[in-house]
Amino acid sequence: MNLGLDGLSVVTDGRALVRDLSLEAADGQVVGLVGPNGSGKSTALRCVYRALRPSSGTVWVGDDDLFRLTPRHSARIIAALTQDGAVDLDFTVEELVALGRTPHRQGNQALDRRERELCERAMRRMDVHHLARRGVLTLSGGERQRVLVARALVQEPRILVLDEPTNHLDIRHQVELLSLLRGSGLTVLVVLHDLNLAAAACDRLAVLSQGRLVTAGTPHDVLTAELVRDVFGVHADVVPHPLTGDPQLLYSLSPSPLNGSATPCP
Amino acid sequence: MSPPATSTPSASVDGAAPAGAQPPEPPAGPADRLGSRTGSAPACALLLVLLAVSVVLAIGMGPAVIAPDDTARYLWAALSGGRIAADEVTAYQIVWEIRTPRVLLAALVGAGLSAVGVAIQAMVRNALADPFVLGVSSGASVGAVAVTVTGGLAALGIHAMSVGAFIGALAASLLVYAASAGRGGLSPLRLVLTGVAMSLGFQAVMSVIVYLVPGSEATSTVLYWTMGSFGAATWGALPAVTAIVLLGVVLLHRRSRVLDVMALGDETAASLGVDPDRHRKSLLVVVSLLTGAMVATSGAIGFVGLVMPHLVRMAVGSTHARVLAVAPPAGAVFMVWVDLVSRTLVAPRELPLGVITALVGVPVFIVLMRRRAYMFGGR
């Protein structure tokens with residue numbers, strides 16, 4: 001199902017966090033949202049998983065205006081991994097994963113067998129099956145993050161929205177998660193900080209700065225040394241990945257004296 | 001339309017059948033485990049039996065000890081309209097007129113405070129929250145003291161003070177709600193902070209009244225309300241409290257999954273289709289009515305609503321469907337025994353209930369917390 005952000009603006013306390021953002025993710029596409037801290041990435045995502053109502057503009061899911069659907073209905077279409085992943089109560093892993101079925105169940109209705117199997121499979125897929133009976137609060141940050149992704153998967157969404165899903169993950173689980181996203185067939189909108197992983201994982205990248213869309217396109221078109229310098233204030237050399245050809249960035253910690261293009265950060 | 005993620009064939013270790021195909025009768029496998037812990041019925045049933053036994057024992061005990069079988073006989077006679085011998089009338093009256101309403105009220109309030117504590121802790125995401133954190137109890141005290149001092153609501157007779165307390169409790173909840181609801185919705189932290197601040201305000205108002213109005217009646221009313229007692233229990237007030245508490249506990253239990261989701265935070269709740277603000281508002285109404293009714297009849301009994309939720313979570317885990325099935329009967333049993341101790345330990349004087357709940361609860365709580373790796377928010 002395609003996802004469209006249409007002229008989205010979010011203004012709080014007179015500050016525009018997101019300004020007139022329009023962005024399309026076609027059915028099954030993985031679209032990455034990148035940008036420096038405070039550029040409005042998370043704010044835009046919060047509108048998509050309905051933690052926030054935009055001041056103007058809207059979000060389209062298929063042909064429906066997201067904000068005309070009931071919260072339960074939209075939660076059956078869109079699942080999210082939020083930044084606010086803290087859990088207060090010591091639910092077990094399997095209990096927490098099972099809560100992903102909330103939009104599909106009425107009241108306290110118990111899960112049926114198909115749903116319990118769904119939870120089992122999601123836990124296997126995220127490699128947390130062996131932790132099923134463990135308390136969530138005893139897990140490491142990366143384990144917890146994988147449990148939360150499993151919870152989003154059992155929601156059986158058609159669109160997946162993830163805010164920095166690779167946080168806390170070791171490199172193996174980062175690579176596995178992103179290849180899972182690619183192979184899922186879901187429409188994915190994901191905020192990533194690692195531009196190299198973003199280039200490898202995403203069909204399209206959208207670059208945000210100060211709440212505005214700077215550019216969007218294939219990683220190859222978007223990730224240029226000029227853009228990285230202008231938006232992130234960092235000097236990087238862009239080289240093709242030796243196997244896949246995806247653009248990969250090599251950073252230097254201090255501007256190289258041999259490279260005339262290095263400019264001071266704004 | 002893309003297939004759901006978890007049924008996409010992929011290179012995972014997953015050997016199970018795809019989502020659509022259900023094997024006819026799978027052997028007891030990992031998939032069945034999820035269901036196995038949802039059953040809290042045995043624990044709940046056991047506690048209800050324990051509650052029935054405790055109620056009969058507690059009714060029998062006091063300055064005049066009445067054997068459990070006699071107690072049961074009197075109770076049966078009262079319920080079935082049976083006859084008792086003439087020389088037993090005094091004992092019968094003690095059992096039926098004085099002790100039974102008192103013990104039943106203790107059970108109800110214990111159940112209600114425990115349930116409210118569970119709900120409030122989840123809804124404001126705070127391990128230190130208890131039924132009185134939103135200013136309900138101090139509001140009730142102001143209401144009761146105001147009625148006592150001004151002689152208002154005199155038409156209601158002996159119920160005037162309870163009604164005054166109930167009105168005070170609801171007014172306090174409304175004030176806290178109005179003061180904490182803002183553009184950003186009803187944030188949990190703002191709700192708690194407002195509640196705590198308002199409580200201090202109400203206590204100040206109460207102090208002013210007590211200070212300005214001479215006579216000890218206001219003082220003793222304040223003392224009564226802040227310490228808590230079931231001494232004023234009568235059959236007259238019981239039906240209303242019973243109805244409110246039972247209905248409230250059922251309503252809270254029906255929101256178990258919503259409470260689970262709310263404990264995950266507002267962002268996650270929204271992503272799961274649960275509007276946290278809307279639910280916080282309606283839960284606030286239920287919780288305020290429940291707490292108001294309980295405070296109006298027995299004062300603000302501390303500690304139970306704070307500690308019982310934690311104790312029950314240590315025993316049965318955090319899922320609210322289980323916690324809210326076990327906490328009310330557990331709280332009821334606990335409160336029946338606390339009340340018994342309060343009226344027998346230094347008879348004929350009564351110890352304030354809050355003293356005993358704390359004296360019993362604190363050590364139990366600390367021992368359990370040290371033994372079990374219990375966690376609520378972080379490590």
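Predicted model, so just to flag it, every value in this text is computed and none were measured. Hydrogens, waters and symmetry mates are skipped; everything else that's a heavy atom, side chains included, is used. Numbers restart at 1 for each chain; the letters A, B, ... are given by sequence-line order, proteins then strands.
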_Sidechain-backbone polar pair: R257(B) side chain, G107(A) backbone, donor-acceptor under 3.5 Å_ = yes
*Within a strict 4.5 Å, meaning less than it, do heavy atoms of the D90(A) and R313(B) side chains meet?*
no
*Could you give the distance from CG (L89(A)) to CD (Q121(B)), rounded to the nearest 0.5 Å?*
8.5 Å
*asked:* Quick check on I78(A) against chain B: is it the side chain, the backbone, both or neither that has a heavy atom closer than 4.5 Å?
replied: backbone
*asked:* T102(A) and side chain to side chain contact (heavy atoms under 4.5 Å, CB included): which single residue from V258(B), D260(B), V261(B) fits?
replied: V261(B)
*What is the distance from atom CD of E267(B) to atom CG of L52(A), rounded to the nearest 0.5 Å?*
8.0 Å
*Output the option from A75(A), A79(A), G62(A) having the highest count of non-hydrogen pairs under 4.5 Å with chain B.*
A75(A)
*Please lay out, stage by stage, how V274(B) and R72(A) fare under the test side chain to side chain contact (heavy atoms under 4.5 Å, CB included).*
CA-CA 7 Å; V274(B) 171; R72(A) 275 172 68 81; over 6 Å; no
*Check F91(A) against A263(B) and note the closest heavy-atom contact, atom names and distance.*
CE1-CB, 4.5 Å
*asked:* Using every non-hydrogen atom in the two residues, find where A51(A) and A270(B) come nearest and quote the distance to one decimal.
replied: CA-CB, 3.8 Å
*asked:* Could you measure the distance from the CG atom of L148(A) to the OG atom of S271(B)? Nearest 0.5 Å is fine.
replied: 9.5 Å
*Please state whether the side chain, the backbone, both or neither of S74(A) comes within less than 4.5 Å of a heavy atom of chain B.*
neither
*Just how far is it from atom OG1 of T82(A) to atom CG of D266(B), taken to the nearest 0.5 Å?*
10.5 Å
*Give the intermediate values and the outcome of salt bridge (charged side-chain N to carboxylate O under 4.0 Å, His left out) for residues E95(A) and R322(B).*
CA-CA 12 Å; E95(A) 286 168 348; R322(B) 257 178 286 133; 2.5 Å; yes
*asked:* For L96(A), which atoms come within 4.5 Å of any heavy atom of chain B: side chain, backbone, both, or neither?
replied: side chain
_What verdict does the side chain to side chain contact (heavy atoms under 4.5 Å, CB included) test give for L272(B) and Q155(A), after you've listed the backbone C-alpha separation in whole Å, the side-chain angles of each residue and the deciding distance to 0.1 Å?_
CA-CA 8 Å; L272(B) 289 168; Q155(A) 226 167 313; 3.5 Å; yes
*Where does R46(A) contact chain B at under 4.5 Å (heavy atoms): side chain, backbone, both or neither?*
side chain
*Check each atom of R76(A) against the heavy atoms of chain B and say whether the ones under 4.5 Å are side chain, backbone, both or neither.*
neither
*Heavy-atom side-chain proximity of Q83(A) to T268(B) below 4.5 angstrom*: no
*Flag the pair H253(B) / N108(A) as yes when at least one side-chain heavy-atom distance between them is below 4.5 Å, and no otherwise.*
yes
*Return the option, out of S256(B), A269(B), G265(B), P276(B), with the maximum number of heavy-atom pairs under 4.5 Å with chain A.*
S256(B)
